[in-house]
Amino acid sequence: MKTETPIEELKTQTRIERFAQWLMSREERRGEKETNLDTLVKLNVLVSFLTLAMVGGIDAVRTTIMFIPYF
């Protein structure tokens with residue numbers, strides 16, 4: 001014989017599954033946002049160096065790069 005589960009328990013499982021799916025999709029969107037943020041930071045650094053080169057010349061850029069330890 002089949003064991004029947006109460007309707008409330010089925011609703012709870014469905015609700016939990018929907019919540020889990022929502023959490024997973026939220027994490028994926030958050031990951032995409034962080035990727036976009038990294039890209040914007042890199043673009044900002046590039047534009048800053050280009051502006052520094054136009055205003056201060058290439059020597060100013062070389063001096064700035066020299067002071068960045070990880071570059």
Report the C-alpha distance between R62 and I58 in whole Å, list the side-chain angles of each, state the deciding distance to 0.1 Å, and finish with yes or no for side-chain contact (heavy atoms from CB on, under 4.5 Å). CA-CA 6 Å; R62 286 184 186 146; I58 194 67; 4.1 Å; yes

Atom pair CZ/OG1 of F19 and T14 - distance to nearest 0.5 Å: 15.0 Å

T51 OG1 to N44 CG distance, which is reported to the nearest 0.5 Å: 9.0 Å

Verify the cluster assignment for V45 and L50: are they in a single hydrophobic cluster under the rule of side-chain heavy atoms below 4.5 Å apart? no

Does CD belonging to E27 count more than 12 external heavy atoms closer than 6.0 Å? yes

Crowded around M66 CE? As in, over 12 foreign heavy atoms under 6.0 Å? yes

Could you walk me through whether R18 and Q21 pass the side-chain contact (heavy atoms from CB on, under 4.5 Å) check? CA-CA 5 Å; R18 282 187 286 155; Q21 293 234 339; 5.7 Å; no

